[in-house]
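Scope of the values below: all heavy atoms of this structure, side chains included, with no hydrogens, waters or symmetry mates.
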Amino acid sequence: MIRHLFKEIARRPLGVVCLTILGILYLCTIFSQFLAPYLPTDQDLNNAYHPPTRILMVEWRPHVQVYEQVDPSAARYEPVEGATVPVSFFSSGAQYRLWGIIPADIRLFQVEEPHRIYLLGSDGTGRDVFSRLLYGAQVSLSIGFIGICITMTLGFIVGGVAGYFGGRVDFAAMRLVEFIIAVPSLYLLIALRGALAEYFEPEQMYLVIVIILSLIGWAGAARIIRGMALSLRQRPFVLAAEVMGQSSFRILFKHFLPNLASYLLVAATLSIPAYILAEAALSFLGLGIQEPGTSWGLMLQQAQELKVFTLNLWWLLLPGAAIFITVITFNVLGDVLRDIVDPRQQMVKR
Amino acid sequence: MSAYQLLVLIMHNKPDANMNSSVMAPGKSRNFNSSPERTKPLLEVKNLKVYYPVHGGLLRRIRGYVRAVDDVSFNVPPGSTVGLVGESGSGKTTIGRCLVRLIRPTAGSIRYLGNETGSLSKKNFFPYRKKIQMIFQDPFNSLNPRMSVEQILGEPLSIHFPQMNIEHRRDRAAELLSQVGLKPDHLRRYPHQFSGGQRQRIGIARALAVEPEFIICDEPVSALDVSVQATIINLLQDLQEELGLTYLFIAHDLAIVEHISNYVLVMNRGKIVEQASAEDIYRSPKHTYTKKLLEAVPRL
């Protein structure tokens with residue numbers, strides 16, 4: 001079925017574009033330690049609010065323009081005529097552990113110290129926005145996936161059990177779902193964050209956020225899955241499985257799950273953006289990922305300074321653009337998937 | 001195509017069937033007692049009732065009951081086919097589902113080989129799941145669209161023959177397929193790659209997988225093309241002869257029921273209004289409802 005889906009996506013230009021963008025984003029995230037020239041915590045106070053550095057070609061090799069600070073109070077940098085530093089590719093630098101396991105020191109590109117390469121400028125303490133964006137993606141992009149896995153599992157179990165057994169089980173499950181849906185999610189987020197915070201270290205905030213988001217998110221999925229399970233319940237192949245003596249648990253996993261899989265996939269794709277946005281919102285409010293960690297929402301929160309607007313430090317708003325692109329792409333891909341899975345919902349082209 | 005043509009088709013396929021040329025007589029090629037009372041019954045149903053409460057008013061109090069099955073008693077002798085006819089909503093399917101515990105009866109007793117099964121718990125009923133199987137009406141919905149034929153046929157095998165390994169199961173599934181007239185290389189295919197008749201054959205193969213004694217055929221041919229109906233009915237008859245099965249054949253088409261059954265129960269509004277041998281039902285229907293049903297059989 002997965003292969004069939006990929007084939008169908010490949011036939012649609014929009015689907016191909018979305019898959020490519022997401023593929024690139026996730027590849028960058030996986031190899032962020034290799035792609036980023038600096039660690040996300042690497043400060044350089046002499047280069048605060050540095051604009052993106054110009055890349056020049058000198059003797060067919062890329063060089064980085066050297067800048068000179070003109071006015072520290074206004075964060076003004078002027079390029080020094082003729083002064084360039086060559087960019088070295090695949091050279092070794094500071095040690096890191098790839099995915100926390102493999103020790104390595106090779107990076108895609110670097111420049112010789114004390115010069116710095118700021119592809120997307122630097123922030124108030126001279127940290128490289130490009131590197132932070134890549135490291136931040138590890139949080140922002142994975143939180144959606146992990147969240148959705150927990151949500152869909154919980155939603156499938158609760159919704160499937162409610163739909164399969166019906167009666168009182170169904171009643172209890174649905175009242176719980178309604179309760180969770182009835183509470184405004186942002187308040188619930190903040191309240192849960194407040195309640196859970198004391199049991200976790202600040203470094204474990206990632207875990208806390210995933211738990212909070214999943215606890216809120218499963219209710220909607222459970223309700224829809226319950227409805228679909230109710231209709232599957234009366235399908236003769238489920239009755240046949242019951243007549244042959246199949247256990248309820250196996251019926252749920254062998255008969256319900258494969259028939260709900262396409263819905264689960266679409267729903268998951270369409271709700272990943274909600275997780276990315278929720279993480280960004282929490283971090284933006286200062287309730288999410290904490291320093292020295294990094295995420296797109298946290299970076300945006302740090303760009304909440306008047307300076308950013310008065311001095312036109314536009315590169316500090318790039319995490320917003322990253323969130324925008326990711327969310328849009330996931331939504332469009334979700335729409336494409338839904339059209340494939342359920343052609344009846346397709347918009348009529350005029 | 002009319003019912004008469006259907007019977008011509010069946011005759012054509014079974015030239016040995018003992019048929020009168022002028023009347024649509026039931027197939028009487030097997031030896032059995034035409035009256036089920038003479039042998040010890042395989043299945044005894046006594047005073048079976050299935051009521052559904054009707055709620056009404058502000059407090060959702062029970063206002064009354066829908067009597068889906070109202071005080072029904074009948075016997076099924078071993079090796080025979082008992083037809084159950086009636087219009088839509090007369091409670092035929094409800095009875096069938098009660099027998100396999102898809103619906104819990106409100107009252108009454110169901111005895112299988114003398115043992116009460118109607119009130120057993122789910123766990124205690126499990127051994128009977130191997131003995132009683134069901135064939136469903138809608139061949140398009142009775143097979144899981146996400147499972148291959150091998151998985152569909154392997155499912156009952158893995159439940160009731162846990163000692164079988166994968167190769168064993170595959171061999172048995174292939175054997176079952178050839179038993180119902182399909183090819184063993186169909187194992188890898190999915191239900192949507194088959195026609196309605198072929199799917200119904202897979203449904204029959206699935207029911208046969210557990211080596212049952214008694215099969216409830218819940219309108220197994222009413223969703224099929226008339227020409228395909230004949231071949232499926234012939235298949236069911238051949239299997240009965242070969243494996244010594246007992247059928248409860250539920251249908252709304254009296255012509256088919258007459259052809260396949262030894263004994264016919266006519267149901268209307270949850271009650272059995274007439275029960276007699278197939279021949280008697282055809283020759284001398286007693287109840288007005290039976291007469292009406294007979295008149296409704298299309299003729300050329």
Between B:His168 and B:Phe161, is a ring pair (Phe, Tyr, Trp, His ring centres under 6.0 Å) present by the stated rule, with each step listed?
CA-CA 10 Å; B:His168 232 102; B:Phe161 303 95; 9.8 Å; no
Could you walk me through whether A:Tyr275 and A:Thr151 pass the side-chain hydrogen bond (donor to acceptor under 3.5 Å, both in side chains) test, one step at a time?
CA-CA 11 Å; A:Tyr275 286 82; A:Thr151 306; 2.4 Å; yes
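The side-chain heavy atoms of B:Gln193 and B:Gln198, taken from C-beta on, include no pair separated by under 4.5 Å. B:His160 places a side-chain heavy atom less than 4.5 Å from the side chain of B:Arg129.
If you tally non-hydrogen atom pairs under 4.5 Å between each of B:Gln137, B:Lys122, B:Gln151, B:Arg206 and chain A, the highest count goes to B:Arg206. When A:Gly245, A:Ala241, A:Ser247 are compared by the number of non-hydrogen pairs under 4.5 Å with chain B, A:Gly245 comes out ahead. Per-residue counts of heavy-atom pairs under 4.5 Å with chain B were compared for A:Glu242, A:His255, A:Arg235; the largest is that of A:His255.
At a 4.5 Å heavy-atom cutoff, B:Ile216 makes no contact with chain A through either its backbone or its side chain. At a 4.5 Å heavy-atom cutoff, B:Lys130 makes no contact with chain A through either its backbone or its side chain. Looking at B:Ile159, the atoms closer than 4.5 Å to chain A (heavy atoms on both sides) all sit in the side chain, from C-beta outward.
Note: A:Phe249 and A:Tyr164 fail the aromatic proximity criterion, with ring centroids not under 6.0 Å apart.
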